[in-house]
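To keep things clear, I will list the structure first and then write my remarks on it.
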Amino acid sequence: MPADLQYMYEKILAAAGGADNISALGCCMTRLRFTVKDEALVDVEALRRVQDVAGYFYSGVQHQLIVGPSVSTKLAAYFNERHNFNTLDGKPRAGVKLRPDDFAAESKAAVKRKYASPISRACGKIGNIFLPLIPAYIGCGLIIGIGNILSKTLLVNDPNMVALLDILGRGIFFYLSAIVGYNANKEFGGSPALGLAFAGILNTPSLTEVTLFGASFVPGKGGVLAVLLVCWVGSWLEKKLRKSIKGSMEMFLTPMLTILIIGPLSLVLIQPLAGWLSAGLADLTQSMLSRGGVLVGALLGGMFLPLVMLGIHQSLVPIHQQLMDSLGSNPLFPILCMAGAGQVGAAFAVLFKTKNPRFKTLIRNALPVGLMGIGEPLIYGVTLPLFRPFVAACIGAACGGAVVAAFHVASGIPFGVSGLVLLLALANVHSVVFYAVGYLVAVLAGFLCTWWMGFDDPPADQEN
């Protein structure tokens, strides 16, 4: 059932000590976040008991409620329409009423600026560059995956339809460098339009007509990694020039000088460096998975949930894209997706063993999105508060990762969809079969480990 926003708003407001006690409010993909003026007025147990709140925890100076995807943005916007609270970094909104999508973007940026460590801030910048692309990644990725499967089965004698599906699925990737350049320059503090220019310079086909030291330039060399590095350097130079050049000429000279300086530098130095790094990354990944096999898969799968918990998993996004560019598929992403499977298994074990009816309801509500690859409600609402199930989920993920790595499962998309949905976006039928096997192994291992390790069951009057 859809969440009752008015009910949740009233109960959360009362438990937080009223509107006058809330100093700032925002959200992320699955959580409503707020800070208060007087902590003594906050009734934490009342926050835990609010219907449709899957979990509560306190981080830094923030109260965070797990309410699930889409609900978090709608609920935050619902609060903002009535009270216009400050952003999470303390800035007033000046009476602007934001749509849920706008509110989510603004709140995410505020959280990253004020509460993140330097490492988390760096990961957050990478996330802010690529996360807006996720809807297109999901849509195009599913079409690519389904097309790959149909081309080997039902459409084996219909190359025209296969080609059409491939065109539809490749839509986001055709202009990917330009979109990444725009987002990256914006995130690094430069002019977004110059990011487009940098991406165009690196990818223009006529580069093959220009030679240096007897060799022609290679359009697109280094992929998105090259675009990120050029935008990082270019935005730094642009900001320096804007401070140094005075008067009306700044508007003309800054973009021209930035392009004239960064353009040749990117072609001569940054793009070759990025090409070397990207090729090395692809070779290293292939070598690790081919030589380490089961062991490397287990290590990567078992480590991913802690990375998600710390919020630094976003730093892997450029690696996923680079593997896709270099190899034509992504062997890393399916391994990491086993983290969600291990957690689903652990959650099922908790569901069967707990005697707390409210906790059972919480798990039933969180499991469907967990099966679709959205793990935060299960992490923060179920496994992490109980701790031992979280460890068991990591063990389950390691077992699934070992299977997926052993059978060389590869994704047909860099990232985006995970969980059972990824079955529709894998590189081939072989990958579909053994991803399903790995997923089942991770679920069973997470379930059995949780059952064996046990947990401290929450009292009947508590949610978690």
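Everything numeric in this text was worked out from a predicted model, so none of it was measured. The analysis underlying the following values was restricted to heavy atoms, covering all of them including side chains, and did not include hydrogens, waters or symmetry mates.
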Contacts under 3.5 angstrom, residues 385-395 side chains, donor-acceptor by atom type, not counting sequence neighbours:
from   : atom 1 : to     : atom 2 : distance (Å)
Arg388 : NH1    : Met453 : O      : 3.3
Arg388 : NH2    : Asp456 : OD1    : 3.1

Original post:
Just by modelled atom types, is the Arg49 backbone N or O under 3.5 Å from a matching donor or acceptor in the Lys11 side chain?
Top reply: no

Original post:
Should the ring pair Phe447 and Trp451 be called parallel, tilted or perpendicular, given that the plane angle runs from 0 to 90° and is split at 30 and 60?
Top reply: parallel

Original post:
Would you say Leu5 and Lys74 make side-chain contact, with heavy atoms under 4.5 Å?
Top reply: yes

**OP:** Check whether any side-chain heavy atom of Tyr435 lies under 4.5 Å from a side-chain heavy atom of Cys337, and answer yes or no.
**Re:** yes

**OP:** List for me each residue that meets side-chain hydrogen bond (donor to acceptor under 3.5 Å, both in side chains) alongside Asn185, sequence neighbours excluded, and say none if there are none.
**Re:** none

Original post:
Hey, what do you get for CE (Met338) to CG (Leu305), rounding to the nearest 0.5 Å?
Top reply: 11.5 Å

Subject >> Minimum heavy-atom distance between Leu75 and Met8, given as atom pair plus value >> reply: CD2-CE, 4.0 Å

**OP:** Identify the heavy atoms of Leu32 and Val67 that sit nearest to each other, and give their distance.
**Re:** N-CG2, 4.2 Å

Original post:
Leu424: what forms a side chain to side chain contact (heavy atoms under 4.5 Å, CB included) with it, not counting sequence neighbours?
Top reply: Leu142, Ile146

**OP:** Report the residues that fulfil side-chain hydrogen bond (donor to acceptor under 3.5 Å, both in side chains) with Asp166, sequence neighbours left out, ordered by chain and then residue number.
**Re:** Arg170

Original post:
Do other residues, nucleotides or ligands put more than 12 heavy atoms under 6.0 Å from Trp232 CH2?
Top reply: no

Original post:
Looking just at side-chain N and O atoms, do Thr383 and Gln343 make a donor-acceptor pair shorter than 3.5 Å?
Top reply: yes

**OP:** Would you mind listing every salt bridge (charged side-chain N to carboxylate O under 4.0 Å, His left out) that reaches into residues 406-421, with sequence neighbours excluded?
**Re:** none

**OP:** Applying side chain to side chain contact (heavy atoms under 4.5 Å, CB included), name anything that partners Val42, two or more places apart in sequence or on another chain.
**Re:** Asn21, Val36, Glu39, Val44, Leu47, His63

**OP:** Could you tell me which residues satisfy side-chain hydrogen bond (donor to acceptor under 3.5 Å, both in side chains) with Ser177, sequence neighbours excluded, listed by chain and number?
**Re:** none

Original post:
Would you say Ile22 and His83 make side-chain contact, with heavy atoms under 4.5 Å?
Top reply: no

Review item, side-chain donor-acceptor pairs of residues 404-416, under 3.5 Å, at least two apart:
from   : atom 1 : to     : atom 2 : distance (Å)
Ser411 : OG     : Ile413 : N      : 3.1
Ser411 : OG     : Ile413 : O      : 2.7

**OP:** For the pair Asn80 and Phe85, evaluate side-chain contact (heavy atoms from CB on, under 4.5 Å) and give the outcome as yes or no after the intermediate values.
**Re:** CA-CA 6 Å; Asn80 181 56; Phe85 293 120; 5.7 Å; no

**OP:** Answer yes or no: is there a side-chain heavy-atom contact under 4.5 Å between Ile66 and Val53?
**Re:** no

Original post:
Closest heavy-atom contact between Leu378 and Ala366?
Top reply: CD2-CB, 3.6 Å

Subject >> Heavy-atom side-chain proximity of Tyr439 to Val443 below 4.5 angstrom >> reply: yes

**OP:** Drop me the distance from Glu238's CD to Cys231's SG, to the nearest 0.5 angstrom.
**Re:** 10.5 Å

Original post:
Would you say the side-chain atoms of Lys360 pair up with the backbone N or O of Leu351, donor to acceptor, closer than 3.5 Å?
Top reply: yes

Original post:
What's the shortest heavy-atom distance between Ala442 and Ala341, and which atoms?
Top reply: CB-CB, 3.5 Å

**OP:** Not counting sequence neighbours, which residues clear side-chain hydrogen bond (donor to acceptor under 3.5 Å, both in side chains) with Asp43? List them please.
**Re:** none

**OP:** Any chance you could measure Asp158, atom CG, to Ser151, atom OG, to the nearest 0.5 Å?
**Re:** 11.0 Å

Subject >> Non-hydrogen atoms of Ala178 and Leu196 that approach each other most closely >> reply: O-CD2, 3.2 Å

Subject >> Short side-chain to backbone donor-acceptor contact, Asn86 and Ala24, under 3.5 Å >> reply: no

Original post:
Can you check whether Lys37 reaches Ser23 side chain to side chain, under 4.5 Å on heavy atoms?
Top reply: yes

Original post:
What about the rings of Tyr9 and Phe79, do their centers lie closer together than 6.0 Å?
Top reply: yes

Subject >> Pairing residues for Ala298 by the side chain to side chain contact (heavy atoms under 4.5 Å, CB included) criterion, not counting sequence neighbours >> reply: Ala398, Ala402

Original post:
Which residues pass the ring pair (Phe, Tyr, Trp, His ring centres under 6.0 Å) test with Phe333, sequence neighbours left out?
Top reply: His320

**OP:** Using modelled atom types only, decide if a donor and an acceptor are shared between the side chain of Ser418 and the backbone of Gly373 within a distance under 3.5 Å.
**Re:** yes

Original post:
Between Asn356 and Thr354, what is the shortest heavy-atom contact and its length?
Top reply: N-OG1, 3.2 Å

**OP:** Measure the shortest side-chain to side-chain distance between Leu228 and Val180 over non-hydrogen atoms and say whether it is less than 4.5 angstrom.
**Re:** yes

**OP:** List in chain and number order the residues that pass side chain to side chain contact (heavy atoms under 4.5 Å, CB included) with Pro192, two or more places apart in sequence or in another chain; answer none if no residue qualifies.
**Re:** Tyr182, Lys186

Original post:
How about Ile335 and Phe304: do any of their side-chain heavy atoms sit closer than 4.5 Å?
Top reply: no

